[in-house]
> 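Please read through the structure below; I'll follow up with questions.
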Amino acid sequence: MTKINQHILTCGGTGCRASESKILAARLKEELKDSEISQNVKVVESGCFGFCEKGPIVKILPDNTFYTQVKPKDAKEIVEEHILKGRKVERLLFRDPNTNELIDESKSMGFYKKQIRIATRNCGFIDPENIGEYVAREGYEALGKALFELEPADIIKTVKDSGMRGRGGGGFPTGFKWELTAKSESDKKYVVCNADEGDPGAFMDRSILEGDPHSVLEAMAICGFAVGADEGLIYIRAEYPLAIERLKIAIKQAEDVGVIGDDILGSGFNFNISLKYGAGAFVCGEETALIHSMEGLRGEPTLKPPFPAERGFFDKPTNVNNVETFANIPAIINKGAEWYASVGTEKSKGTKVFALAGKINNVGLIEVPMGTTLREVIFDIGGGIKDGKKFKAVQTGGPSGGCLTEKHLDTPIDFDNLLAIGSMMGSGGMVVLDEDDCMVSMAKFYLEFTVEESCGKCAPCRIGNKRLLETLEKITNGNGTMDDLDLLRIQGGVIKDTSLCGLGQTSPNPILSTLDNFWDEYVEHVEENKCRAGQCKSMLKYVIIEDECVGCTACARVCPTGAITGNKKEVHFITQDLCIKCGACMDKCNFESIELIA
Amino acid sequence: MSIVCEKDKLQKQHQLRIKEICQGFGGEHSELINILHACQGYFGYLPAEVQEEIGMQINMPVSKVFGVVTFYSFFTMKPKGRFPISICTGTACYVRGADKLVDEFQRELGIDVGQTTGDGKFSISTLRCVGACGLAPVVMVGDKTYGHVSPNKVKKILKEYKKEE
């Protein structure tokens with residue numbers, strides 16, 4: 001057998017694939033084919049490395065060289081220079097934006113230094129379509145240990161002792177949930193993996209499923225053994241074609257080697273896993289709604305109790321956990337509860353995966369210990385704000401969360417701290433905003449989402465959110481009054497208190513938190529008809545600076561509504577009533593003679 | 001494709017295809033969403049006639065089928081264009097200017113979100129997060145992803161498809 005002494009890992013996640021990483025991998029293989037050492041080098045399409053901002057990523061092992069923004073045409077140079085001659089391709093190395101230094105290996109990058117990877121331990125290290133690589137990194141060892149060395153009660157105790165809390169958003173203790181399902185008596189039970197990641201701007205679960213599908217399958221089987229279930233279902237968004245494909249491959253491989261299916265590893269325990277597809281409904285992230293959707297119905301939530309642990313899928317006890325929660329389980333079983341509990345804060349153990357996005361330099365996927373501060377995440381790992389702008393806010397928890405400001409930057413992130421400052425952990429979306437973002441518009445953006453996604457079953461959420469949105473629109477259109485601001489608070493409070501499920505109970509959070517933290521901005525919109533970020537169109541005015549205009553007619557020609565008039569070589573004029581504020585004239589003007597007044 | 005013949009009846013071959021799909025899922029009510037996915041995959045959309053046929057095949061009132069179709073945003077009752085344009089309006093894309101792209105596509109094509117151009121070539125829809133947040137704002141035309149799109153690139157993107165017949 002030939003010895004493979006070099007690995008070229010290319011990112012095969014959705015983000016990098018969108019930038020031709022698949023062609024890149026093929027090109028690398030092609031280039032290697034002709035060289036004499038092709039037997040010793042292996043090209044692997046791995047899962048997400050997390051550093052999506054500078055994708056596609058190529059990492060070369062064993063020396064950990066980290067190439068960024070690699071294009072298919074760079075394949076030749078990488079093979080010729082790095083692989084054959086051992087010289088790093090400097091122009092593809094990452095350059096630290098602050099020190100301007102070239103960084104030749106991932107371990108010394110600020111982005112990776114503070115991360116601890118448990119749930120994403122294999123993402124970017126293994127070929128997700130090859131079960132052998134998962135097994136080589138302790139894969140399915142935890143399942144073996146669970147089946148042959150532990151009793152179901154021991155497993156539940158380990159998960160309880162680890163202090164693990166559900167990563168889907170609610171933060172319910174996982175071990176306790178398992179215990180409830182285990183205690184429910186029934187001839188049939190189910191284990192469900194919630195992979196209906198609907199929070200816009202969050203892609204943690206997708207990256208785990210794409211990069212390390214076996215960790216979820218293994219955990220589901222362990223859970224099945226612990227709670228007494230023999231069937232597992234993964235409820236996944238149909239919008240995740242790559243994750244679906246990789247899961248299908250993983251299930252097939254796991255069945256072939258006998259770690260999923262009947263009589264697993266000869267233990268007599270049966271556990272089969274199949275996929276169920278979602279069809280684009282945010283509310284299906286709520287577990288009762290998810291179960292109804294799996295039954296082929298409209299995904300409307302129902303009152304709890306009964307909890308799914310008592311009566312879930314087809315009225316049978318059902319344990320529902322999120323992808324990230326499951327991905328942690330094999331590591332907990334392998335390394336023990338104490339090890340896991342040693343990471344994190346007093347009441348939130350372990351790590352959390354966040355999807356960093358928005359106006360930040362290093363957009364990507366990160367995993368940090370609970371208790372890391374927002375400042376560390378945004379400035380040390382995230383590399384600070386894009387284009388040298390000023391940090392304004394960070395939104396956590398998606399449409400259910402809130403906007404946090406400068407004064408919250410040093411708060412250690414955990415479930416309880418975030419709740420205490422008016423936001424929530426949510427599933428892990430973290431969107432950074434800068435001075436150009438209008439907080440009223442941001443609140444409106446989230447509310448538009450909620451209104452669209454409200455299932456319509458209960459009145460507070462269906463009607464209340466619509467009224468809230470109307471009030472917000474009134475404010476951003478420049479017709480708001482100070483009474484409207486009070487109304488927002490009252491309406492928001494009622495919706496929170498009276499909605500049926502988590503969607504409605506949290507939907508006013510983006511408004512309430514921006515009212516608390518950016519009160520001045522709301523008042524400006526109402527009293528001065530001013531949007532300081534220049535985002536609320538009705539408050540903007542494009543005007544032509546008479547002294548600068550040369551009458552070239554470029555703006556009049558590009559104006560889609562004919563709002564600009566004027567003869568050639570004469571000063572032009574914008575009719576404000578016709579202007580739709582698209583900004584096309586300003587982009588087109590070569591003489592900087594159009595001004596935007598906020 | 002036109003799947004309906006005169007008198008609003010489905011063509012025979014399409015009826016048979018729906019029957020096959022339903023049988024493939026054992027005609028189970030709990031498989032309705034999977035059946036709808038398969039039918040939409042085949043027809044491109046789910047007009048009333050298709051829903052009626054599914055209801056007949058799995059013995060479910062068509063009102064219930066309709067209830068499910070309209071509940072989920074993935075299902076559509078209108079045919080999409082040959083080059084469906086999907087603009088990501090997830091948070092990451094929104095803060096990097098996705099709303100301006102929506103305006104620009106609407107203006108260039110003269111249709112609103114959810115509509116299809118008269119020649120059946122383009123349709124515009126918005127979607128929430130394709131997961132390529134590093135490339136925000138993102139636009140998809142069919143399966144092709146365009147990253148870091150700015151309003152002044154919209155014309156160029158459309159041009160690629162306009163010349164295709």
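Values below: every heavy atom of this structure, side chains too, minus hydrogens, waters and symmetry copies. Proteins come first, then strands; the chains are lettered A, B, ... in the order of their sequence lines, and each starts at number 1.
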> Only pairs of heavy atoms separated by less than 4.5 Å count here; which of A/Tyr277, A/Phe282, A/Phe314 has the most with chain B?
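The option with the most such pairs is A/Tyr277.
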> Please classify the contact between A/Arg237 and chain B as side chain, backbone, both or neither, with a heavy-atom cut-off of under 4.5 Å.
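Contact with chain B involves the side chain of A/Arg237 alone.
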> Looking just at side-chain N and O atoms, do A/Tyr240 and A/Thr14 make a donor-acceptor pair shorter than 3.5 Å?
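No donor-acceptor contact under 3.5 Å links the two side chains.
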> Chain B: which of A/Cys455, A/Ala202, A/Gly364, A/Gly429 shares the most heavy-atom pairs with it under 4.5 Å?
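Of A/Cys455, A/Ala202, A/Gly364, A/Gly429, A/Cys455 has the most heavy-atom pairs under 4.5 Å with chain B.
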> Taking side chain as everything from C-beta outward and backbone as N, CA, C, O, which of these in A/Phe449 sits under 4.5 Å from a heavy atom of chain B? Side chain, backbone, both or neither.
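Both backbone and side chain.
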> Between A/Phe94 and A/Phe51, does the ring centroid distance fall short of 6.0 Å?
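Yes, the ring of A/Phe94 comes within the 6.0 Å limit of the ring of A/Phe51, centre to centre.
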> Within the 3.5 Å criterion, strictly below it, is a donor on B/Glu160 or B/Tyr146 matched to an acceptor on the partner's side chain?
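B/Tyr146 and B/Glu160 do have a side-chain donor-acceptor pair below 3.5 Å.
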> Could you tell me whether the side chain of A/Ile385 reaches within less than 4.5 Å of the side chain of A/Ile378, counting heavy atoms only?
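They are in side-chain contact.
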> Specify which of A/Lys276, A/Glu300, A/Met294, A/Lys386 makes the most heavy-atom pairs with chain B at under 4.5 Å.
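Looking at each option in turn, the highest pair count goes to A/Lys386.
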> Would you mind telling me which of B/Ala132, B/Ala92, B/Cys133 has the largest number of heavy-atom pairs within less than 4.5 Å of chain A?
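That would be B/Cys133.
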> Which pair of non-hydrogen atoms, one from A/Cys582 and one from B/Arg107, has the smallest distance, and what is that distance?
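Scanning both residues completely, I find the closest heavy atoms to be CB-NH1, 3.2 Å.
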> Using non-hydrogen atoms and a 4.5 Å limit, figure out which bit of A/Leu297 sits close to chain B: side chain, backbone, both or neither.
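Backbone only.
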> Need one label for A/Lys537: side chain, backbone, both or neither, based on atoms under 4.5 Å from any heavy atom in chain B.
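For A/Lys537, the contact with chain B is made by the side chain alone.
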> Among A/Lys389, A/Lys359, A/Lys392, find the residue that satisfies the salt bridge (charged side-chain N to carboxylate O under 4.0 Å, His left out) test when tested with A/Asp437.
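Looking at A/Lys389, A/Lys359, A/Lys392, the match for A/Asp437 under the salt bridge (charged side-chain N to carboxylate O under 4.0 Å, His left out) is A/Lys359.
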> Between B/Thr70, B/Val95, B/Asn34, who has the most heavy-atom pairs with chain A when the cutoff is under 4.5 Å?
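Of B/Thr70, B/Val95, B/Asn34, B/Val95 has the most heavy-atom pairs under 4.5 Å with chain A.
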> Can you tell which of B/Gly67, B/Gly147, B/Pro151 has the highest number of heavy-atom pairs within less than 4.5 Å of chain A?
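If we count pairs closer than 4.5 Å to chain A, B/Gly67 comes out on top.
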> Which of the residues B/Leu36, B/Val68, B/Leu32 is involved in the greatest number of heavy-atom pairs with chain A at under 4.5 angstrom?
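Of B/Leu36, B/Val68, B/Leu32, B/Val68 has the most heavy-atom pairs under 4.5 Å with chain A.
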> Do you know which of A/Ala279, A/Cys16, A/Pro241, A/Pro200 has the most heavy-atom pairs with chain B at a distance under 4.5 angstrom?
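Of the options given, most contacts go to A/Ala279.
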> If we check salt bridge (charged side-chain N to carboxylate O under 4.0 Å, His left out) with B/Arg128, which of these qualifies: A/Glu453, A/Glu448, A/Glu239, A/Glu452?
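That would be A/Glu452.
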> Evaluate whether atom CE of B/Met56 has more than 12 neighbouring non-hydrogen atoms of other residues, nucleotides or ligands under 6.0 angstrom away.
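Counting other residues, nucleotides and ligands, CE of B/Met56 stays at 12 neighbours or fewer.
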> What part of A/Arg298 gets within 4.5 angstrom of chain B, counting heavy atoms only: side chain, backbone, both, or neither?
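Interface part for A/Arg298: both.
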> Under 4.5 Å from any heavy atom of chain B, what part of A/Ser207 do you find: side chain, backbone, both or neither?
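Interface part for A/Ser207: neither.
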> Below 4.5 Å, heavy-atom pairs only: which of A/Ala357, A/Cys52, A/Gly299, A/Gly358 has the largest tally toward chain B?
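Among the listed options, the one with the most contacts to chain B is A/Gly299.
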> Would you mind checking which part of B/His29 comes under 4.5 Å of any heavy atom in chain A, side chain (CB onward), backbone (N, CA, C, O), both or neither?
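Just the backbone, heavy atoms under 4.5 Å.
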> Could you tell me whether the side chain of A/Asp196 and the main chain of A/Ile236 form a donor-acceptor pair under 3.5 Å?
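It does not hold such a pair.
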> For B/Glu53 and B/Gln57, does a side-chain donor sit closer than 3.5 Å to a side-chain acceptor?
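Their side chains do contain a donor-acceptor pair, which is all the 3.5 Å distance test asks for.
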> Check this for me: does any side-chain nitrogen of one of B/Glu108 and B/Lys155 sit under 4.0 Å from a carboxylate oxygen of the other?
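Salt bridge between B/Glu108 and B/Lys155, a charged N being under 4.0 Å from a carboxylate O: yes.
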> Tell me which of these, B/Cys93, B/Ala136, B/Cys129, has more heavy-atom pairs under 4.5 Å with chain A than the rest.
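Of B/Cys93, B/Ala136, B/Cys129, B/Cys129 has the most heavy-atom pairs under 4.5 Å with chain A.
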